[in-house]
There are 4 protein chains.
Amino acid sequence: MAGINKVIIVGNLGNDPEIRTMPNGEAVANISVATSESWTDKNTGERREITEWHRIVFYRRQAEVAGEYLRKGSQVYVEGRLRTRKWQDQNGQDRYTTEIQGDVLQMLGGRNSTQGGYAPQGAPQQQYTQSSAPSRPAPAEKPAPKAEPAMDDFDDDIPF
Amino acid sequence: MAGINKVIIVGNLGNDPEIRTMPNGEAVANISVATSESWTDKNTGERREITEWHRIVFYRRQAEVAGEYLRKGSQVYVEGRLRTRKWQDQNGQDRYTTEIQGDVLQMLGGRNSTQGGYAPQGAPQQQYTQSSAPSRPAPAEKPAPKAEPAMDDFDDDIPF
Amino acid sequence: MAGINKVIIVGNLGNDPEIRTMPNGEAVANISVATSESWTDKNTGERREITEWHRIVFYRRQAEVAGEYLRKGSQVYVEGRLRTRKWQDQNGQDRYTTEIQGDVLQMLGGRNSTQGGYAPQGAPQQQYTQSSAPSRPAPAEKPAPKAEPAMDDFDDDIPF
Amino acid sequence: MAGINKVIIVGNLGNDPEIRTMPNGEAVANISVATSESWTDKNTGERREITEWHRIVFYRRQAEVAGEYLRKGSQVYVEGRLRTRKWQDQNGQDRYTTEIQGDVLQMLGGRNSTQGGYAPQGAPQQQYTQSSAPSRPAPAEKPAPKAEPAMDDFDDDIPF
DNA sequence: TTTT
DNA sequence: TTTT
């Protein structure tokens with residue numbers, strides 16, 4: 001073994017988490033998190049901004065936590081690792097998708113935050129928070145890539 | 001030169017920032033940030049928690065930002081480096097203090113957060129955000145933060 | 001602006017760097033770095049390993065440093081940020097590629113390392129080291145690395 | 001629980017590891033790792049360098065690994081968390097020591113490296129490398145501070 | 001494609 | 001001294 005493969009993201013969810021259940025009953029959550037950076041263009045003097053979207057996947061307990069407490073707009077700290085999956089498009093061509101496999105999930109801003117806000121809970125108030133996955137989270141879980149749903153409802157009312 | 005010396009802290013301020021001005025007129029801010037971790041004691045089965053306090057210092061523009069926008073309870077992301085300073089107590093004995101010299105400061109939770117909350121400002125409502133200092137902090141200069149454009153164009157060019 | 005987008009990679013180059021020059025004369029370097037993780041399969045008890053390849057791009061001075069000193073097998077520490085670029089394949093279909101835009105490059109293993117090894121240089125033996133780019137890389141400038149003084153004064157002022 | 005408390009260090013050991021055994025038989029390793037940064041003084045134009053020493057503690061299996069494979073001069077990647085311990089000096093005064101509790105240890109430079117080099121092993125060639133500790137490594141292990149051995153043999157023949 |  |  002060799003190497004360090006670490007990603008740290010702080011940003012806001014662009015949508016509610018997508019939760020699936022694997023054949024063995026374990027949960028998988030996909031979230032899409034935006035980070036943006038801005039700078040002043042040296043040539044034009046204009047202010048510019050670029051937004052980067054990160055596709056993050058959590059498994060098992062963390063997937064459940066994500067499904068229960070995260071919502072579109074929620075601010076999160078995520079620590080994970082890069083993983084590039086190979087798949088084939090309808091033409092049989094090799095395609096690659098890079099995503100972040102989450103190891104640490106921490107919700108930010110507090111549950112009273114008006115900024116994105118977390119899921120309303122009727123259930124017993126659990127103490128979510130940082131939940132760390134062991135080093136290799138799920139030995140064989142390589143979910144087949146699926147058609148990504150269009151993020152067409154993305155622009156309506158993002159609270160930040 | 002050799003090495004990487006990096007600290008990443010996400011936590012809440014235990015007090016308002018302490019702001020000083022150096023002889024040359026530059027600002028210095030000290031903040032104290034708590035992180036805590038909890039676990040279940042293997043022997044007693046009890047829930048335990050330990051809180052760690054981090055002393056963080058910012059210089060110049062970042063110090064001003066800290067003074068303007070941070071308050072007791074504010075949640076922050078800080079990236080910096082460890083620095084151990086040597087000093088002498090009243091007995092002339094050598095003493096050492098380790099603190100974090102901040103390079104990146106990002107406020108969390110949004111400006112509407114009820115959770116800690118940021119300073120009320122009479123001045124134009126700036127969206128402070130990440131401000132990065134170059135490698136060696138004391139001799140560092142940063143462009144003054146400008147009002148950030150709203151993220152109203154959130155919907156373009158999403159790759160998935 | 002909002003968010004943190006940070007990647008930390010420690011691994012070995014799978015090939016010599018690819019160096020290009022942009023129309024404005026600035027250098028661009030692409031390197032491919034492997035990280036791998038291994039674990040024991042819970043079901044079969046077998047040892048398994050997965051290798052992840054990271055495509056990393058450096059600009060300007062750092063690109064030149066990469067071109068001069070890195071070679072296939074070189075071990076590096078890289079800090080950067082994720083960037084997904086959109087492009088179109090020969091069928092006019094949208095495609096996305098995620099790469100790491102490097103901000104910090106540190107060579108590991110020392111110049112005497114037999115492990116991968118760095119480029120033979122006819123030029124004065126520089127001790128390249130960490131070179132950090134400011135926040136937005138493309139418009140970045142870095143002071144040229146200078147010969148580093150040997151760490152011969154290693155013994156002073158150790159606080160413990 | 002709340003917060004992130006993370007330290008990442010890449011540097012070289014100033015001494016061989018100090019290995020102790022706890023009453024329960026578990027190993028504890030203390031290592032001292034240097035990072036340095038250099039910059040050009042804006043006023044004098046002189047090249048300056050500052051070295052920072054990090055006190056890092058590993059427990060259990062990682063402590064054993066450190067004891068077996070690390071030596072003065074070894075280059076390591078360490079990930080851990082800050083921990084400030086309170087103790088009392090001979091005058092009964094409160095004193096504080098900040099150290100890094102290691103969670104991840106990765107040796108750098110390869111075992112063939114001439115740069116520091118790792119311990120000769122007659123024993124079965126174990127696969128050291130990254131070893132991660134679970135989130136809370138040892139619920140109650142707060143080793144009492146002890147008199148630190150002077151690092152007086154520090155300057156003799158450091159190979160970098 | 002690297003490294004262990 | 002914070003927060004959950």
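Here is the naming used below: chain letters follow the sequence lines, and residue numbers restart at 1 for every chain.
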Distance, rounded to the nearest Å, where B:W39 contributes CH2 and F:dT4 contributes P: 20 Å

Protein-nucleotide distance (C:L13, atom CG; E:dT1, atom C1'), rounded to Å: 10 Å

E:dT2 base stacked by C:W53 (centroids within less than 5.5 Å, tilt under 30°): no

Residues B:E37, D:R83: salt bridge by 4.0 Å N-O rule: no

Any residue meeting side chain to side chain contact (heavy atoms under 4.5 Å, CB included) with C:D16, in chain and number order, not counting sequence neighbours: C:R71, C:K72

Atom pair CZ/CD of D:R81 and D:E99 - distance to nearest 0.5 Å: 12.0 Å

Selected nucleotide, minimal atom distance to C:N15 side chain, candidates E:dT2, F:dT2, E:dT1: E:dT1

Salt bridge (Lys or Arg N to Asp or Glu O under 4.0 Å) contacts in which one or both residues fall within residues 4-13 of chain A, not counting sequence neighbours: A:K6-A:E79, A:K6-D:E79

Options E:dT3, F:dT3, F:dT1, nucleotide nearest the side-chain atoms of A:A2: E:dT3

Nucleotide of E:dT3, F:dT2, E:dT1 approaching C:S32 most closely (side-chain heavy atoms): E:dT1

Rounded distance (Å) that lies between atom P of F:dT4 and atom OH of A:Y77: 19 Å

Whole-Å distance separating the CD atom of B:Q75 from the P atom of F:dT1: 21 Å

Rounded interatomic separation in angstrom, taking CE from B:M107 and C1' from F:dT3: 16 Å

Nucleotide F:dT2, atom C1' - distance to CD1 of B:I9 in whole Å: 13 Å

For atom CG of B:D16 and atom P of F:dT1, their distance in whole Å: 15 Å

Euclidean distance, atom CD1 of residue C:I31 to atom C1' of E:dT2 [Å, nearest integer]: 11 Å

Side-chain donor/acceptor contact of B:T51 with base of F:dT2 under 3.5 Å: yes

